[in-house]
Amino acid sequence: MPQPELLPGTPEFRIKLPKDGGEARGHLLAEFGGNGTHKFLLRAGSMVAAEAWPGLGDHARRNRADLRASGGLADAPADPGLPQGPPRWVVTRDIECNSSSAAAALVYGYDASGPESWRTAEGHPLADYLATGWRPPRKAWLVRGSNVSGHNLVRQLWLKEGFVSLAAAHLPPLEETDPTKSTLRRFVEEGYEGAASYNQKRGLVDELHAFLTQMRVGDTVATIGDGRLHIGRITGEAVQTSSPGGLSNLRRAVSWMPRSRAYEELPEEVQQKLSVQHDVVDLTGVLEALDGLSGQKEHTAPAAPGEDPAVGQSAPRELSLPHITEALAADLFVHDRAWLDDIRELLVDEKQLVLYGPPGTGKTYMAMKLAEYFGGGPEQVKIVQFHPSYAYEDFFEGFRPVEDPETREVAFRLTAGPLRELADLALREGNRHIPHFLIIDEINRANLAKVFGELYFLLEYRKKSLRLTYSGDDFALPPNLFVIGTMNTADRSIALVDAAMRRRFAFVELSPRSEPTAGLLARWLRREGRDLEPAGLLDALNARIDDADFAIGPSYLMKPGVYREGGLERTWRTKILPLLEEHHYGEGIDVNARYGLDSLRGQLP
């Protein structure tokens, strides 16, 4: 029987089974399977998980059963070193599978991605050895050329001669039109040995692969030169040529638009993408914005006779916060609408603010109401509460133990936290004009430098991006993501907040001694048709408290239980006086005599 032909230039691939269950080995075949991908040869001697999990497809399940019945899969001998190891089968003969994913399912006992599961001995995924699959009809790219070994190629060559290029002097002549990552990696490893670090070579492979294989004729291309953004369309395939100094050996012809844009005038979302520090950057996420800047919108079908061509074509919507209404001010019991207007303007300008003040001043309630109003509903609002053990991994992203629902195996997986989830939601197509709000309750109760990490920089520089610690993604905070924090000054003084925090947030005080909080309880009591005595008692109480950070807010007296029989006395005894006892601990003050209801009522007119 003739041996199947292995795919030339590809190595042996492996899958390691969990719990020291051995490994499977195999090769890509030159022949294509029924789904249009290369077949895969699972080698004899490979180990296979004996248990089939519920997530395994019917076809794979039947295939395993047939191989078991025909003797292609036999019981593996027991390993003396692993008496309690998982049951395994051994492959008794080479098995030809329809695809690498079919082979992975056979090995694991559950459906899995073959291009990602199979790895070389060095850990490279099988996907690197396959030709590029589907991609969007048109993409957008940034190619940097203003400083190539000290030369400004944008000004000197690209705009004048109509092309973009990459310096690739150490690459051999390329015979393939769409080389795979594995081919490029081999060329880079050989050609740049001793001339580049491991990380530089890895980045170069990605950039070469994007330039040679991912880019297509018709794609949008952009570059920065002399502080201006130039936009064009790719009109030619990649060609390899010699150039002085090897500065532009790989080239693609480009038709540049006559008009450029000053960097400072670009939309924030475009500036964020342009700040990614690579020579080739995928800008497809801001393709629509680039089309708007260049005036080259995609051609649409002509309108029918008598039909208005503008019908059905919605203009790009701008990010904005709704203006304050009298209804909102009344709902929040804010008598001066200008105070809320200031809050709105601070959010527009700063993107993040902190509401701080003593307990009971309605900081969290105010934050939630404002976020829901500005965001258009609770769907655009996420709330987290900081505490001393809260960390970056909880807040943004990190590796956490996660149980696979099919295999029940526990492994550490990169998991998004609330800020990453909200940022991804804000960046979805169709959401970018909608404000999204993250509310951080008790923001001063965590180690902020530990929680925010490199995000501290992004809070101040919203138009920049940074390489993330765990995922390695280039990330920027979306312009439509706003942050509102709350801080209890009785818990920790605002003076203890570090300077970096104070510079990145606007701070707005909610104090029982100043509006809008000072008269809030009286306004609420009038609306509810109740006696105004509790408002007078609260004012008299706060007048006796010498430390403004320990004043008592009106929220304690805005609950239904306060106005049942004996409720005011009960709330005063169990909620308010204990706070003041803690404040005066060790001072020898009779808190009840000084702050009790009987004493305060004697002071009222």
Side-chain angles (χ1 to χ4, degrees), residues 1-121 123-131 133 403-411:
M1 183 176 179
Q3 288 294 315
E5 181 186 358
L6 305 184
L7 184 63
T10 57
E12 180 182 72
F13 297 97
R14 305 174 182 181
I15 285 179
K16 291 187 179 295
L17 291 173
K19 297 182 179 179
D20 295 326
E23 70 175 15
R25 298 173 293 104
H27 287 86
L28 278 170
L29 298 179
E31 184 182 356
F32 286 91
N35 60 359
T37 62
H38 289 278
K39 289 186 175 182
F40 193 88
L41 188 68
L42 182 62
R43 288 298 194 185
S46 296
M47 290 298 175
V48 171
E51 188 173 1
W53 298 95
L56 185 64
D58 292 338
H59 178 77
R61 194 179 296 274
R62 288 195 300 270
N63 186 35
R64 284 167 57 93
D66 292 343
L67 288 168
R68 180 69 171 158
S70 66
L73 297 175
D75 290 333
D79 187 345
L82 292 171
Q84 302 300 322
R88 297 167 302 160
W89 295 333
V90 63
V91 178
T92 61
R93 61 175 185 268
D94 288 351
I95 298 174
E96 192 172 305
C97 302
N98 193 53
S99 67
S100 61
S101 293
L106 177 57
V107 170
Y108 280 133
Y110 59 85
D111 290 338
S113 167
E116 291 301 321
S117 298
W118 292 101
R119 300 266 167 166
T120 66
H124 301 307
L126 181 147
D128 285 2
Y129 296 80
L130 300 176
E403 182 183 61
D404 190 305
E406 296 176 349
T407 67
R408 319 306 294 181
E409 296 283 345
V410 176

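None of these values were measured; they are calculated from a predicted model.
Residues Ala102 and Ser99 approach most closely at N-OG, 3.1 Å, considering heavy atoms. Nearest heavy-atom pair, Ala44 versus Asp94, reported as atom, atom and distance to 0.1 Å: N-OD1, 2.9 Å. Listed here is the closest heavy atom pair of Gly34 and Asn98: N-OD1, 2.9 Å. Minimum heavy-atom separation, Pro77 to Arg88: O-NH2, 3.6 Å. Contact record, Gly114 with Leu126: O-CB, 4.2 Å, taken as the closest heavy-atom pair. Scanning all heavy atoms of the two residues, the minimum distance from Arg64 to Leu73 falls at O-CD1, 4.0 Å.
Leu29 is listed as a side-chain neighbour of Glu96, based on a closest heavy-atom distance under 4.5 Å. Looking only at side-chain heavy atoms (C-beta outward), Leu7 and Phe40 stay at 4.5 Å or farther from each other. Inter-residue side-chain proximity for Thr37 and Ser100 is flagged as unmet; no heavy-atom pair is nearer than 4.5 Å. A 4.5 Å side-chain heavy-atom check between Ser101 and Pro115 finds at least one atom pair inside the cut-off. A heavy-atom distance below 4.5 Å is not found between the side chains of Leu28 and Trp118. Counting heavy atoms from C-beta outward, Leu41 and Ile95 have side chains that stay 4.5 Å or more apart. A heavy-atom distance below 4.5 Å is not found between the side chains of Glu5 and Glu31. Ser46 places none of its side-chain heavy atoms less than 4.5 Å from the side chain of Val90.
We find the CE-CD1 distance between Met47 and Ile15 to be 14.5 Å, quoted to the nearest 0.5 Å. Atom OG1 of Thr10 sits about 7.0 Å away from atom NE2 of His27, to the nearest 0.5 Å.
In this structure, Asp111 contributes its side chain and Ala105 its backbone to no donor-acceptor pair below 3.5 Å. Remark: side-chain polar atoms of Arg119 are not paired, donor with acceptor, to backbone N or O of His124 under 3.5 angstrom. Arg43 places no side-chain N or O within donor-acceptor distance of the main-chain N or O of Glu12, the cut-off being under 3.5 Å. In terms of modelled atom types and a separation under 3.5 Å, the side chain of Thr92 and the main chain of Gly72 share a donor-acceptor contact.
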Give the C-alpha distance, both sets of side-chain angles, the deciding distance and a yes or no for side-chain contact (heavy atoms from CB on, under 4.5 Å) between Arg93 and Leu67.
CA-CA 10 Å; Arg93 61 175 185 268; Leu67 288 168; 3.9 Å; yes
Applying side-chain contact (heavy atoms from CB on, under 4.5 Å) to Leu56 and Tyr108, what does each step give before you reach the verdict?
CA-CA 9 Å; Leu56 185 64; Tyr108 280 133; over 6 Å; no
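Classification of Asp75 and Arg68 as a salt-bridged pair holds, one side-chain N sitting under 4.0 Å from a carboxylate O.
Side-chain contact check for Arg14 and Ser117: no donor-acceptor pair (N or O, by modelled atom type) lies under 3.5 Å.
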